[in-house]
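In the text below, chain A, chain B and the rest are named by the order of the sequence lines, each starting its count at 1.
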There are 2 protein chains.
Amino acid sequence: MATIKDIAKAAGVSVTTVSRALNDYSDVNEKTKARIKDIATQLNYSPNALARSLVMSKSHTIGLLVSELNRSGAKDMFTYEVMCGINDAASDQNYDLILFSTNPIKQEQKSYSQLCRERQVEGVIMQGIKTDDPYLEEVIESNIPCVLVDVELEGDNVGYVSTDNVFGAQMAIKHLINLGHENIAMVNGHNQARVSQRRFEGYERALKEAGIPMQEHYVVEGDFLEPKAETVATKLLTEHPEITAIFCASDLMALGVLRAAERVGKKVPEDLSIVGYDDIMLAQYAHPPLTTVAQDKYQIGYESSRLLTAMLQQETKKRKVILDNQLIVRGSTAPPKS
Amino acid sequence: MATIKDIAKAAGVSVTTVSRALNDYSDVNEKTKARIKDIATQLNYSPNALARSLVMSKSHTIGLLVSELNRSGAKDMFTYEVMCGINDAASDQNYDLILFSTNPIKQEQKSYSQLCRERQVEGVIMQGIKTDDPYLEEVIESNIPCVLVDVELEGDNVGYVSTDNVFGAQMAIKHLINLGHENIAMVNGHNQARVSQRRFEGYERALKEAGIPMQEHYVVEGDFLEPKAETVATKLLTEHPEITAIFCASDLMALGVLRAAERVGKKVPEDLSIVGYDDIMLAQYAHPPLTTVAQDKYQIGYESSRLLTAMLQQETKKRKVILDNQLIVRGSTAPPKS
DNA sequence: AACAAAATCCGAAACGTTTTGGAAAAAATA
DNA sequence: TATTTTTTCCAAAACGTTTCGGATTTTGTT
């Protein structure tokens, strides 16, 4: 509860001097500086960040806006791991994180910029936001620096970090081709998702590069759902028994495909190779463990924070960061039976 | 950027009146009140929470202190789900959450109370803190209200919420006994963990109630680690082939035991029943899916927030909340072969 | 010793709000 | 009409800090 005034009184100097002493300004005598610091620790002083922020109009706080921070996000660890990365990078840069969680009801009550200005955040990181979220429009209009996670949107004050989904899909397909597969199908998410479009792009490109003609009917949509994927994959495998490999736009769907294979009596990986995407926890515990494309979620978060703080300090013109991802080969892929 | 002053100027009244109008005080004319509010929305005004907190010395902020918020926590969803609950309850009560993540290095630099006072948090929720954490001592001394998650510590300003580990273990054992098991072993965590002590207590008690004598050598420690559990369980099962059921203090260890069973050639659940604890995501995807004791992590978080806000508003003398947990019966338990 | 330069300090304003203790105006009562 | 009550407003202080501009003291130079 000791304030700068108390210290000033105890030291017999002005508050100005105390402030400047504690902040290591050069225009205060080393002796008195030491004395003041002594007294400060004696009085167990700690500065009031509110007061400081108020006068400096810098809160050193960044808002972490997570849409629908809730249990449903628990299926994979995406949100959590990204948060860890954000948190680490932010605290490295001495920024504090304040958690905004929104949902449709709250969004009606309070606009994005209101939210930000009230708490005087210097910048925002948005996560889990859908492309049609009303807040997204405000972000571009607003003059508060913002970094989006996995939403491709650029502007003067807004950047994003994402992974290279085209490249990731390409790696997956190349892996299958290298194993000797030629009849490679894809269970995609749905066309509204940017990642689906990108991953399909990679699928297409890898086939083309290998000189394998793409079969339209080899590509089906599983809506990112496990049961839906099982259904469509079953159909796919019965109608096109020549298929020896399936690339899935998510691990969850890959698990569904795994079950589909079981249903149509195909052994994985002997009769059918499966590649997933995401590397969720379950992937390594599946039977057989899933070959998959992993994105470093922690790093996504970390880089988001870094990008934002760089923007805040105006030390970069960069507005987007695309991270690599990595193919993790496990037991669900093998050469096709010749 | 509009302040209360701007509104005052535009409305031709004093800042006092504006403040009182916006806060719906009764001593301002309804007409002028309406006019002021109009102008406020026109100027796109939003109050500066910093300034308000400063003068009211109420920040309406609670600190969420998560020890080692990092990827390793990703194995189960505990931390994340608890956070979701905390967040929901806090925002229900109009408290904002500010994220403190600590690690040993940071703790040396800044004491617990410094951390709190700097940011002027009204209260703190601590999660993932170990019983020997240096911050824990400060918590009791400090006068800042604090709620611990899963750490049994009570005081004037400190409470905790946890689940009934004794009861949970009891349920698990009773379930096994009801199935007809008598030779029931336990793979515990380690004795430094409070939950281990409690769960052992439940194990002991349930056996006693059923009149089954406890065998000392049936209880081994797996340190909460999957490989360690596998090792000790393998030894256990070979030395005591009469064992028909194993209760594990965590799902992760149960997975290890599952592998141990495979190694010694016992089929689960025909030859060996296994019960885990936690209900992590993997539990339902294991082969066979694990019977386990689930704790409602979300609710733990939610109740933590509730307890803290109640303490802050001094509307309760309660300092601890013990939540129920639930036995989830899946495929890893069955009657023993007679 | 006289002056300039450097070192050290401080008063006061500012940040945006709330709140206290009235004052002025309007309405009610005598 | 004179007095009291109610309504409506406001000036100023306060919260804890930083910073601007200048004042005072010390040191250095000649």
Side-chain angles (χ1 to χ4, degrees), chain A residues 1-37 39-40 43-61 94 96 113-122, chain B residues 1-37 39-40 43-61 94 96 113-122:
Chain A
M1 301 286 236
T3 79
I4 220 172
K5 280 185 195 167
D6 302 319
I7 301 177
K9 205 170 292 172
V13 296
S14 74
V15 290
T16 307
T17 308
V18 175
S19 172
R20 301 180 81 82
L22 294 178
N23 291 318
D24 270 328
Y25 277 61
S26 59
D27 69 344
V28 34
N29 189 296
E30 285 301 330
K31 265 185 182 167
T32 55
K33 192 183 285 188
R35 192 161 49 92
I36 288 173
K37 285 185 178 177
I39 296 179
L43 295 183
N44 196 14
Y45 168 78
S46 47
N48 184 327
L50 294 183
R52 177 183 286 160
S53 299
L54 182 59
V55 62
M56 309 221 300
S57 56
K58 286 229 168 226
S59 64
H60 248 265
T61 299
N94 269 311
D96 279 327
S113 65
Q114 271 179 324
L115 206 63
C116 296
R117 278 181 324 199
E118 269 191 23
R119 276 298 178 163
Q120 301 284 112
V121 297
E122 293 186 28
Chain B
M1 298 288 235
T3 79
I4 220 173
K5 281 185 195 167
D6 302 321
I7 302 177
K9 205 170 291 172
V13 297
S14 75
V15 290
T16 307
T17 309
V18 176
S19 172
R20 301 181 80 80
L22 294 178
N23 291 320
D24 269 327
Y25 277 62
S26 58
D27 69 344
V28 33
N29 189 294
E30 284 301 332
K31 264 185 182 168
T32 54
K33 193 183 281 187
R35 192 160 50 91
I36 288 174
K37 285 186 178 179
I39 296 179
L43 294 183
N44 196 17
Y45 168 80
S46 46
N48 184 329
L50 293 183
R52 175 182 289 160
S53 299
L54 183 59
V55 63
M56 310 221 300
S57 56
K58 286 227 169 232
S59 64
H60 247 263
T61 300
N94 268 314
D96 277 327
S113 65
Q114 272 180 323
L115 206 62
C116 296
R117 280 181 322 198
E118 270 192 21
R119 276 298 177 164
Q120 302 283 114
V121 298
E122 293 185 28

Comparing B:E30 with B:M56, nearest DNA chain D nucleotide closer to 5' gives the residue B:E30

Separation of D:dC9 atom P from B:K31 atom NZ, nearest Å, is 11 Å

To the nearest angstrom, the CZ-P distance between B:R117 and D:dT17 comes to 11 Å

Should the side chain of B:D27 and the base of D:dC9 be counted as holding a donor-acceptor pair, with the cut-off at 3.5 Å?
yes

For a quick test of reading the model: is some side-chain N or O of B:T17 closer than 4.0 Å to OP1 or OP2 of D:dC9? no

Presence of A:Y25 side-chain N/O under 4.0 Å of D:dT18 phosphate oxygens OP1/OP2
no

**Request:** Answer yes or no: does a side-chain N or O of B:S26 lie under 4.0 Å from OP1 or OP2 of D:dT7?
**Result:** no

Margin query: Is a donor from one side chain sitting under 3.5 angstrom from an acceptor on the other, for A:S19 and A:R52?
Written below: no

Practice task
Taking the side chain as every heavy atom from C-beta outward, state whether A:N44 and B:R117 have any atom pair closer than 4.5 Å.
Solution key: yes

> Would you say a side-chain N or O of B:Y45 is under 4.0 Å from OP1 or OP2 of C:dT17?
Replying inline: yes

Out of D:dC9, C:dT17, C:dC9, minimum distance to the side chain of B:V28 belongs to D:dC9

Of the candidates C:dG11, D:dG16, D:dC9, the side chain of A:L54 sits closest to D:dG16

The single option from B:N23, B:I7, B:D6 that satisfies side chain to side chain contact (heavy atoms under 4.5 Å, CB included) with B:V18 is B:I7

* Asked: Within the pair B:N48 and C:dC15, is there a side-chain N or O less than 4.0 Å away from OP1 or OP2?
  -> no

In whole angstroms, the gap separating C1' of C:dT18 from NZ of B:K58 amounts to 14 Å

Q. Would you say A:I4 and A:Y45 make side-chain contact, with heavy atoms under 4.5 Å?
A. yes

Taken to the nearest whole Å, CZ/B:R20 to C1'/C:dG21 is 11 Å

note: B:M1, atom CE; C:dC15, atom C1'; distance rounded to Å ~ 13 Å

In whole angstroms, the gap separating C1' of C:dT8 from CZ of A:R35 amounts to 13 Å

Whole-Å distance, B:H60 NE2 to C:dT17 P, equals 17 Å

Nearest heavy-atom contact between B:H60 and A:R119 is O-NH2, 3.3 Å

Output yes when at least one side-chain N/O atom of A:N23 is less than 4.0 Å from OP1 or OP2 of D:dT18, else no. yes

### Query
Is the shortest side-chain N/O distance from A:T16 to OP1 or OP2 of D:dT19 below 4.0 Å?
no

Below 4.0 angstrom from OP1 or OP2 of C:dT17, is there any side-chain N or O of B:S19? no

key: Any B:K5 side-chain N or O less than 4.0 Å from OP1/OP2 of C:dC15   = yes

Over all strands shown, is A:T32 touching base, sugar-phosphate only, or nothing at heavy-atom distances under 4.0 angstrom? sugar-phosphate

To the nearest angstrom, the NZ-P distance between A:K9 and D:dT17 comes to 13 Å

Assign each of A:V55 and B:K33 the nucleotide of DNA chain D bearing its closest heavy atom; nearer the 5' end lies the nucleotide of B:K33

